[in-house]
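Nothing here was measured: the structure is a model prediction, and the numbers come from that model. Both backbone and side-chain heavy atoms feed into the values below; hydrogens, waters and symmetry mates do not.
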Amino acid sequence: MNVLYINGPVQNGPFTIAERPGKAAGIRAAEALNTLLDAGPVPHLWNTVTLAGDLRHRDAPDRDTVGRQEREERAIAAKYAPGPAPAGGVLTDTTPVVAALALEMTERLLLEGTLAVAPTAVHLCARCGHMTGTVAHACRACGHQGSRPHTRRLLVWDRPPGTPVLARDDFHAHRARPPGHLLTIAQNVPERLILSRTRDHGISLAPLGLDGLVLDPRAGVHITVLAAAARSNAGQPVMTVTENATANVAAYGAMFRRHNGTQLRYALHGRIPYDDTAGLQRLCEVHRVSPALRELFLAWFLPLCSLHIRAGISPAQLPGLLKFWRRAHLARPDTPGSDVLAELRRRVAAGDMRWVMDVRTLSQAIPQNPVTDGFTEEPEGASC
């Protein structure tokens with residue numbers, strides 16, 4: 001099957017990529033790997049079904065003239081620096097093709113008996129009616145402390161006892177140690193998972209008779225990846241995602257990682273210390289790094305490193321990584337060897353990221369031109 005790397009949908013919060021480039025680490029890593037595989041451009045994926053987005057829209061002075069969907073689209077466009085749009089475009093978790101796939105998958109799972117629409121005891125906010133969960137606590141939508149018990153029909157997954165929500169086979173990482181702690185964390189979920197939520201924006205479950213409810217966004221992000229893979233005719237989509245994000249979404253995506261012979265897997269990446277702007281500034285100055293080399297280091301090499309150093313890159317590691325990067329760049333051949341590139345593509349397709357720390361292999365993988373694709377600004381203070 002043809003492998004395609006796709007970023008885990010990024011939450012569409014109030015930030016720009018130039019200000020917080022760490023949000024784009026998964027996008028950059030996926031683009032670098034797909035380029036090596038000669039897979040063509042892939043859309044950038046965005047998660048727009050959030051309660052925070054609902055609140056921003058409700059509080060916006062122009063809420064009567066700008067719809068929620070348009071507000072999300074404007075916010076995504078503003079994430080990117082001026083210049084060419086991403087070559088593969090963008091895809092959100094409410095795009096019609098994603099919504100259609102979500103309903104198709106949900107209806108199939110209901111027919112199979114895996115999912116059910118069942119009366120479930122929950123708590124509703126006494127002020128705004130927002131569903132606060134199965135236990136009483138303050139409403140995250142309006143902040144009201146009071147709630148009332150209520151039983152309503154919801155989309156649920158009653159997990160058979162002992163059924164894992166995450167397994168070693170769900171990770172695309174050849175010869176890498178399985179994240180045992182993550183497998184354990186992911187299991188700490190109730191046996192009944194509620195897959196419908198009260199939101200102003202999302203994939204409506206009204207066609208299933210659940211008026212006023214949308215599909216849980218943690219399931220939706222998986223379906224968005226599957227929709228992007230189907231658009232590219234990819235049989236093996238791999239979601240680039242952090243361990244924390246995986247721990248939050250894996251259980252709710254367990255039923256939505258497979259469809260028509262396609263299986264979604266995770267490629268874990270660690271955090272990149274882009275916010276250490278002072279350290280990046282000093283590092284660039286000391287090593288007299290050219291703008292082109294700096295851009296490749298920040299936007300290409302470090303995202304690839306984050307797939308190998310899954311625990312996260314620390315600021316203390318940056319000087320050593322930059323020295324290693326410069327060695328590899330100096331060793332870059334005029335014409336990469338076909339045998340080395342073939343072996344590199346095999347390892348990339350298999351999820352083996354150890355090659356990133358091999359000077360000879362890395363030198364032949366370095367692209368000729370700086371990586372921009374909508375990321376034309378470096379972190380603030382990182383210029384050299």
Heavy-atom check, side chain of [X] versus side chain of [Y], under 4.5 Å:
{"X": "V49", "Y": "I203", "result": "no"}
{"X": "I223", "Y": "H259", "result": "no"}
{"X": "V225", "Y": "M239", "result": "yes"}
{"X": "M255", "Y": "W157", "result": "yes"}
{"X": "T106", "Y": "L208", "result": "yes"}
{"X": "L36", "Y": "W355", "result": "yes"}
{"X": "V249", "Y": "H222", "result": "yes"}
{"X": "T132", "Y": "C125", "result": "yes"}

Quick one about [Y] and [X] (side-chain donor to acceptor, distance below 3.5 Å, no hydrogens or angles considered), yes or no?
{"X": "H130", "Y": "T198", "result": "yes"}
{"X": "H57", "Y": "R71", "result": "yes"}
{"X": "H181", "Y": "E243", "result": "yes"}
{"X": "N7", "Y": "E31", "result": "no"}
{"X": "D93", "Y": "T48", "result": "yes"}

Shortest non-hydrogen contact from [X] to [Y]?
{"X": "T151", "Y": "P119", "result": "CG2-CB, 3.9 Å"}
{"X": "V241", "Y": "Y266", "result": "CG1-CD2, 3.9 Å"}
{"X": "R310", "Y": "A173", "result": "NH1-CB, 4.0 Å"}
{"X": "A228", "Y": "P43", "result": "CB-CG, 4.2 Å"}
{"X": "A141", "Y": "L55", "result": "O-CD2, 2.9 Å"}
{"X": "A267", "Y": "V238", "result": "CB-CG1, 3.4 Å"}

Does the [X] side chain pair with the main chain of [Y], one donor and one acceptor, at a distance under 3.5 Å?
{"X": "Q317", "Y": "S314", "value": "yes"}
{"X": "T163", "Y": "P160", "value": "yes"}
{"X": "Y274", "Y": "L298", "value": "yes"}
{"X": "E19", "Y": "T16", "value": "yes"}
{"X": "N47", "Y": "P9", "value": "no"}
{"X": "T65", "Y": "D62", "value": "yes"}
{"X": "K79", "Y": "A75", "value": "yes"}
{"X": "R332", "Y": "P367", "value": "yes"}
{"X": "T95", "Y": "V97", "value": "no"}
{"X": "T184", "Y": "G180", "value": "yes"}

Practice task
Find the distance between CZ (R58) and SG (C142) and round it off to the nearest 0.5 Å.
Solution key: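 The distance works out to 8.5 Å.
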Are [X] and [Y] connected, step by step, through hydrophobic side chains (Ile, Leu, Val, Met, Phe, Trp, Tyr) whose heavy atoms are closer than 4.5 Å?
{"X": "L226", "Y": "V221", "value": "no"}
{"X": "L51", "Y": "V10", "value": "no"}
{"X": "V359", "Y": "V348", "value": "yes"}
{"X": "V3", "Y": "V42", "value": "no"}
{"X": "I309", "Y": "L33", "value": "yes"}

Please tabulate, for side-chain N and O atoms in residues 187-196, each donor-acceptor pair with protein atoms closer than 3.5 Å (sequence neighbours left out).
| residue | atom | partner | partner atom | Å |
| --- | --- | --- | --- | --- |
| Q187 | OE1 | V165 | N | 2.9 |
| R192 | NE | D158 | OD1 | 2.6 |
| R192 | NH1 | T120 | OG1 | 3.3 |
| R192 | NH2 | D158 | OD1 | 3.4 |
| R192 | NH2 | D158 | OD2 | 2.9 |
| S196 | OG | L155 | N | 3.1 |

Problem - From CA spacing to verdict: salt bridge (Lys or Arg N to Asp or Glu O under 4.0 Å), R108, E112 - result: CA-CA 6 Å; R108 175 178 57 81; E112 293 173 354; 3.2 Å; yes
Problem - Steps toward side chain to side chain contact (heavy atoms under 4.5 Å, CB included) verdict (T224, T92) - result: CA-CA 7 Å; T224 310; T92 78; over 6 Å; no
Exercise for the section: Before giving the answer on salt bridge (Lys or Arg N to Asp or Glu O under 4.0 Å), spell out for D170 and R257 the whole-Å C-alpha distance, their side-chain angles and the decisive distance to 0.1 Å. Expected result: CA-CA 9 Å; D170 292 316; R257 289 196 289 263; 3.3 Å; yes
Exercise for the section: Check the pair L321, C305 against side chain to side chain contact (heavy atoms under 4.5 Å, CB included), reporting the backbone distance first and the verdict last. Expected result: CA-CA 9 Å; L321 290 174; C305 272; 4.0 Å; yes
Check the surroundings of atom [atom1] in [X]: do more than 12 heavy atoms from other residues, nucleotides or ligands lie under 6.0 Å from it?
{"X": "R327", "atom1": "CZ", "result": "no"}
{"X": "R354", "atom1": "CZ", "result": "yes"}
{"X": "R63", "atom1": "CZ", "result": "yes"}

Are any of the side-chain nitrogens in [X] or [Y] under 4.0 Å away from the carboxylate oxygens of its partner?
{"X": "D38", "Y": "R345", "value": "no"}
{"X": "D275", "Y": "R20", "value": "no"}
{"X": "E70", "Y": "R74", "value": "yes"}

Problem - Validation row, ring centre H44 to ring centre Y80 under 6.0 Å - result: yes
Fill in the blank from the handout: Those residues at least two apart in sequence (or on a different chain) that pass side chain to side chain contact (heavy atoms under 4.5 Å, CB included) with D216 are R197, R218, Y252
Problem - Sequence-distant partners of R326, side chain to side chain contact (heavy atoms under 4.5 Å, CB included), two or more places apart - result: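 So R326 forms a side chain to side chain contact (heavy atoms under 4.5 Å, CB included) with H287, L293, L322.
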Practice task
Take H201 and E72 through the side chain to side chain contact (heavy atoms under 4.5 Å, CB included) test and state the conclusion after the steps.
Solution key: CA-CA 10 Å; H201 179 72; E72 295 291 340; 4.1 Å; yes
